Amino acid sequence: MNNYQELVESLMKPGGKMEQCMEGFVHRKEQIHFASAVARAFADEVFLAAEAGTGVGKTYAYLVPALIWAKQNQDKVVISTKTKALQQQIIAADLPELEKVLGYGLKYTEVKGRDNFICWHKYQQILAGKKRLEPGETDFIEAILSWAEVTISGDRKELALKQELMQYWGLIAADRNNCQRELCTYKDKCFRLKMIKNMNKADIIITNHALLLSDILVDNSILPEFEYLIIDEAHTFNKESFDRLAHRFSLYDTLNILELLFVKDKRSKRGYLFHLRSNYAHLSEIIDETGIIVEKTIKLTRQLFEIVTRGLRYGDDFNFSHIINPGDKNRKWFTAMHDIYREEYKPNFDLLLSRLRDLALELEGQAEGSDLVGIINALQEIDDTAFCIIMEEISFEEGISWMECLKGKVVAICSAGVQGGERLNQQLYQKLKALIMVSATLAIEDRFDHFIDRNGLNLYEREGKIETLLEESPFDYQRQACLYVVRDMPDPGSPSFSREANKVLSDIFAAQRGQTMVLFTSKKHMQEAAAELRPFCEVQGLNLLVQHEDGEFATLVEEFKEHTNSILMGVETFWEGIDLKGEILKCLVIVKLPFRSPADPYCNAWDRYYKMQGKNSFTNFMLPDAAVRFKQGVGRLIRSENDRGVAVVLDTRLINRRYGEVLKNSIPIKNLLAVSRKDLKMQLELWG
């Protein structure tokens, strides 16, 4: 063992500096094992896929070796997380604590997307009256005036405004297309440039998966060069990669930018072109001509999406995605979409871009000219994306294309490759000396094959460059937790399932009197259950908190913590990233096993990927994916050595189907009992 590894382990051992300097620090052998593995990966320049069960203390276990490595070797280390909560925890709490332990200062910074920062140029344009504001927008600007004048970071996280005001943040948010860059009068005041300067000086960069993947999209032009990367919450990285690397042609994004230029209604004309016409009368002819082309482009954009909407014929309650299948390519609406795009939409869009560039040349040197260039850049990006999807990728057999629908209307046309591993390898993995991918849930039945395959790491496994580590939770689940499966429930596919599930939920609520969280796989199912059970909860004196109805994530979590009579209902975001230690959560209910819908583009892409290889997609994707998500959900229950709680699963597939063994073997709770509905209440009372 070298001095570097010895130093890492000595800090964490019993009586070490972490125990001496950090109040409440608990020595755990699992944490030392994991920290030592991270240190070896850095020193030996290999990749490490590690599962660190709840309670191992994974964040400190990778931060300590990362900080010491950066200090000793003058190498940048990038740490990427999925959730803002973890990103904030590392910056605001963990790193300052570890500086005290190490006894020396470190240069670290938080890196996030530019839209998190106020753009001083846009802000000054508004103050100068160069942008007409609607009443709600005016209220927002008035609310941020005092903050804008004193803020050091310019970061929106400093604002404590209600959502009805924060919805207007885009008015002043920095964005790539409107950035004046070196021509900006206010570049010395640019908060994003300050972030970049801090980033270039930093030893440790804390970012998120979204920005890390955005860096790939723009040829690694956001982050500085780095060769050491830690990806925390790595179980989400593949899904995030699919979402971020996909192409998306959006109806509303396109209309928003076009209407920024010019919009005419019964009462008035408004938009950037109208503003230019009032200030540059000598350019009225080209401006008027451009306005006519904008109007036509808006009309054609609506028409293009309406053709697809009419062809698909979904009802007003359809809020999902339609995957393009081979049969669709022979339908009239598909041909009509291509025809209008090729014969009218694309030529008109090209003409619009040409006229806007002519106008920008006339305004060269003026502030308005650089603003117009920003709009042109945004429209060019839309034009490139639309062409890529409609004229190229929508016909590729090795890719996947889909229509996003909202209330039965098509709002976006999208495409993606079925496996992004090759792109990740070329633009990320190959540039690294060491990569640490860690989560509390990576392994399926103690194996990492599924994770390695989905993240495109097979080549590194074959070359012997990737190591795996499984550190189980130090918690005593045999003593602390039990899982009940209600054995006499209807099959989840039965029309009577929801009705019967609501009856069981009311029994659980009455028995538990609060401190209960219910996880759903469907927003619609959750809303229907809430509508039926809310009157019952009111009569019982229970505080029902429903995601999207009674508040958003952070607000609901805080209220759940404050009131012991609370019942919390949530969907996907509540299956992970929520930490309710102690007496706060006593009962966790999982209504259905978290299998993804086949209509989910991500699911469909992997289904196609495995079928192309002649493999069973359920065995290779659907089941392992559900096992990881199930493991995440169950992991909400026990968060410390002193927690005690019970999980209830209403989905009998866990005990009635052979594949249920995979799900059961992937969770740490081994006290599993199948009980009848009439005995459930008694069992809950016995456990409590």
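Note that the coordinates shown come from a computational prediction; the quantities given were computed from them, not determined experimentally.
- Taking all atoms of both residues into account, the shortest heavy-atom contact from M18 to L98 is CE-CD2, 3.8 Å.
- Note on ring orientation: taking the six-membered ring where Trp is involved, the planes of W120 and F191 are perpendicular (angle over 60°, cut-offs 30° and 60°).
- With 3.5 Å as the limit, one finds no donor-acceptor pair spanning the side chains of S566 and Q515.
- Within a 6.0 Å sphere centred on NZ of K84, other residues, nucleotides and ligands contribute 12 heavy atoms or fewer.
- Side-chain contact check for Y108 and D203: no donor-acceptor pair (N or O, by modelled atom type) lies under 3.5 Å.
- At most 12 non-hydrogen atoms from other residues, nucleotides or ligands lie less than 6.0 angstrom from CD1 of I152.
- Heavy-atom minimum distance, F42 versus W69: O-CH2, 3.5 Å.
- Salt bridge status for R534 with E549: present, with a side-chain N to carboxylate O gap under 4.0 Å.
- The aromatic ring centroids of F262 and Y272 lie 6.0 Å or more from each other.
- The environment of K581 atom NZ is sparse: at most 12 non-hydrogen atoms of other residues, nucleotides or ligands sit within 6.0 angstrom.
- Shown here is Q527, whose CD atom has more than 12 heavy atoms of other residues, nucleotides or ligands within 6.0 Å.
- Side-chain N/O atoms of E559 and N543 include a donor and acceptor closer than 3.5 Å.
- Nearest heavy-atom pair across V111 and T207 is O-OG1, 3.2 Å.
- Here the closest heavy-atom approach between residue A70 and residue V77 is recorded as CB-CG2, 4.2 Å.
- In this structure a side-chain-to-backbone donor-acceptor pair under 3.5 Å is missing from H247 to D384.
- Cation-pi geometry between K431 and F226 is not met at under 6.0 angstrom from the ring centre and within 45 degrees of the axis.
- The minimum heavy-atom distance linking W169 with D115 is given by the pair NE1-O, 2.7 Å.
- Classification of the F574-F553 ring pair by plane angle, with boundaries at 30° and 60°, yields tilted.
- Looking only at atom types and distance, the side chain of S640 has a donor-acceptor partner in the side chain of D643 under 3.5 Å away.
- Residues L588 and V634 share a closest heavy-atom pair of CD2-CA, 3.8 Å.
- A donor-acceptor contact closer than 3.5 angstrom is absent between the side chains of Q547 and K523.
- A donor-acceptor contact under 3.5 angstrom links the side chains of T151 and E158, judged on distance only.
- Listed for the E576 side chain is no donor-acceptor partner under 3.5 Å among the backbone atoms of T573.
- No side-chain donor-acceptor contact under 3.5 Å links S439 and E51.
- Within 6.0 Å of CD in Q20 there are more than 12 heavy atoms belonging to other residues, nucleotides or ligands.
- With a 6.0 Å radius and a threshold of 12 heavy atoms from other residues, nucleotides or ligands, E225 has its CD atom at or below the threshold.
- Under the 3.5 Å distance criterion, the side-chain polar atoms of N256 are matched with a main-chain donor or acceptor of Y252.
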